[in-house]
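The block underneath contains the structure these notes are about, expressed in structure tokens.
As a basis for the values below, the full set of heavy atoms in this structure was taken, side chains included, without hydrogen atoms, waters or symmetry mates. Whatever order the structure lists them in is the order used to number ligands and atoms, beginning at 1.
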Amino acid sequence: MLPKAIILTADEPNDTDLRFAKLSRFLGVDFQLYNLKPTKPGIQQLARTTAESNSCFALTGNALTKLFCNDNHIQDLKSILFRNGNSILLYDLSPGNKLNSSIQQLTDSAVLSIGSFRNDKYTYQISKNQKPITKDFTGMAFGPINSLVDFRLYLNPQSRHGETLISIDNSPLFHMINRNSSTLFIVATKGLLNIDKEVLEIPPARQLFSRLLPHIMFLKTIFKNACWHTNQTTAALIIDDPTLKTNYGYLNYRTLLDAMNTHNFTSSIAFIPWNFKRTNKTVAKLFRNNQHKFSLCVHGCDHTRAEFAETDVSKLNNKIKLATDRMNAHRRMTGISYSKAMVFPQGIFTKTAMKALKANNYSAAINSTPYPNNPSPSLLKISDFLEPAIMSHANFPLLIRRYPKDLIDFVFDAFIGRPIFIVEHHSDFRRGYGDLIRIVNEINSISSEIKWTTIDEIIKNLYLQKSDKNGSIYCRLFTNAVVIKNSFGQERIYEIFKSENRNVEIEQIYVNKQIWPYYMNNDILHLTIKIPPQSSVNIQILYKEPKFNSNVRTSLYELIRVATRRYLSDIRANYICKSRRLLSLIERTSRFISSKLQ
Ligand SMILES: [Zn+2]
């Protein structure tokens, strides 16, 4: 196992060097910023420092040009870089004569120069042959490229020691060259994304791709299990709102089950707790008999407009408590279990709502937008979107779900170890299940290892792990209930960590239902568990639940308003949506009324 990434610089580290250092740390890889003087003593010192084990070097085009400025030292430097077993990443490149000459020297003229593209109308083509490196992106083709930062390598046609990993217009963008049992990787993009950059919307995978993913592919290939990784990519379809009746609008559960069985996927219903007494017995039986295919999560409480846009803690606690009581009553009446994961009605929520869910021992929120309504604007970093869950809102995990618009975003989810959640409504099945089945088949074609399962199983698998050279395993948790599996043939020590800002008091931690000691250090919770070979442990963090304020009474007016809204939305789903003429008449009438009321 390689000890660290050596980031070679020829001066004080610049922004790009520091961005690479940040990315390495983020992935769990140790690094050293090494300011190398291109002099004989400087190069001898580097030779001594890296003599004992295989090394991983990363350097920018700018560093390469400076380090190769003196012809007398180039061979010595190359012999250190290309020592057996070493790996080198050359990145942050743009066309230029000086760099062309340095790259020719570095690669013994296997790469002749760097060229640009005239416009963005090209696609990235990812090799079909290097799945261990390109992973879930293997064989994909998508665009547009970004001709301001994406360049092409012109290769020497006589050179036979290379393999292209990503190409544009049949020219390499990401290329590897093997020499003397060492491997040089070259990424022909300008710069490297700053993972700490704040963004106001979910960054599309296509835009991140060339200035981040090849670098991550390199680090994951070289450092393997020493990088944070998940054991399993999980997936589920989430359908919002339906009651559990034979039909809800265009949704028919039996037809959906047939589609799930034929095309290998699972569905979770974002169930409105207010509907807890309305489940049809036959549908309940269908769910009970197919628990590995159907699951339930919680969708609001009454599902009134923006009910989790609330900032009053007491009202939020009461709402969540009522939602939980209703879901528990539904479970008693129907035998259908549910996951304590909240899908916010209309996707609207506040940070206070996130904290209230944590205090009520919910496991996660699942939402299409990761941005709360309050406080606003709330910025997230690119790095927030490179983790299985976003923890920036009240230290409670938010899992992103997506409408099935762009397969590449789902590929990105799988690549970084985030669960794949597709969101649909009954109206999306107006023309049958063909569109859904198409996206499911595309997702299943990314990897045969994607496991479609229930929301509970997905959340129990929600952790990252990495190994150190002594065989210890480090795990990072995101949620309050996980199952950690030791798949090794020997007992292993698991060091478990979770970011924990103590905004809610911990009552107790249980491992396999036994109270377990834990330590807090700088807002990081830490516990140690020995796990026997081929076995699992169940970790449960129990937070101190808030007192239920029984003085909050719901007015009769409010009860009627909620009931009216729920019945009207059923009527809309079951009758109005199915009649285009009726729907269009109602939409026109309501537009007319609202224009008169303004
Ligand atoms: Zn809804």
Side-chain angles (χ1 to χ4, degrees), residues 202 236-245 247-253 256 266-280 283 287 294-310 315-316 319-320 322-324 326-327 330 336 338-350 353-354 356-357 362-374 398-405 421-430 435-436 454-455 558-559 561-578 583 586-587 590:
I202 302 177
L237 163 71
I238 299 176
I239 305 171
D240 282 8
D241 303 333
T243 48
L244 301 195
K245 300 197 184 284
N247 292 298
Y248 180 84
Y250 292 96
L251 171 66
N252 176 284
Y253 288 109
L256 177 64
T266 55
S267 300
S268 184
I269 304 303
F271 184 80
I272 301 170
W274 190 89
N275 287 326
F276 74 109
K277 288 182 184 164
R278 306 175 70 207
T279 289
N280 172 290
V283 175
F287 271 60
F294 282 120
S295 62
L296 291 190
C297 53
V298 187
H299 189 31
C301 180
D302 293 329
H303 198 285
T304 47
R305 173 91 195 138
E307 63 178 341
F308 280 87
E310 185 60 70
K315 282 186 185 165
L316 279 163
K319 206 180 285 285
I320 296 167
L322 180 57
T324 312
R326 284 169 171 173
M327 293 304 289
H330 182 258
I336 307 172
Y338 71 99
S339 169
K340 286 181 88 172
M342 176 63 74
V343 172
F344 294 113
Q346 302 94 31
I348 303 170
F349 69 102
T350 58
M354 295 289 279
L357 287 170
Y362 271 59
S363 298
I366 308 175
N367 223 39
S368 312
T369 170
Y371 292 98
N373 209 38
N374 186 303
L398 187 142
L399 308 180
I400 293 173
R401 60 183 200 161
R402 302 179 186 273
Y403 288 90
K405 288 182 189 154
F421 289 119
I422 314 174
V423 54
E424 297 270 31
H425 290 80
H426 77 90
S427 51
D428 296 314
F429 308 129
R430 179 178 287 130
D435 290 345
L436 170 66
T454 62
I455 300 286
E558 183 62 15
L559 291 173
R561 194 175 74 87
V562 170
T564 309
R565 191 184 163 101
R566 290 274 47 83
Y567 285 117
L568 281 178
S569 82
D570 282 9
I571 291 168
R572 185 185 161 88
N574 289 320
Y575 304 103
I576 299 172
C577 281
K578 288 183 160 177
L583 182 61
I586 285 175
E587 280 172 354
S590 69

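Between the Q346 side chain and the A306 main chain, a donor and an acceptor come within less than 3.5 Å of each other. Side chain of N367 to main chain of G347: a donor-acceptor pair is present (N/O by atom type, distance under 3.5 Å, no hydrogens or angles).
Its N, O or S atom nearest to the Zn ion (ligand 1) is what matters here, and for D241 that atom is OD1.
Among the atoms of D240, no N, O or S atom falls under 2.8 Å of the Zn ion (ligand 1). Backbone or side-chain N, O or S atoms of H303 reach the Zn ion (ligand 1) at under 2.8 Å.
Between F294 and Y253, the ring-plane angle classifies as perpendicular under the 30° and 60° cut-offs.
Taking each heavy atom of M354 and A365 in turn, the nearest pair found is SD-CB, 4.0 Å.
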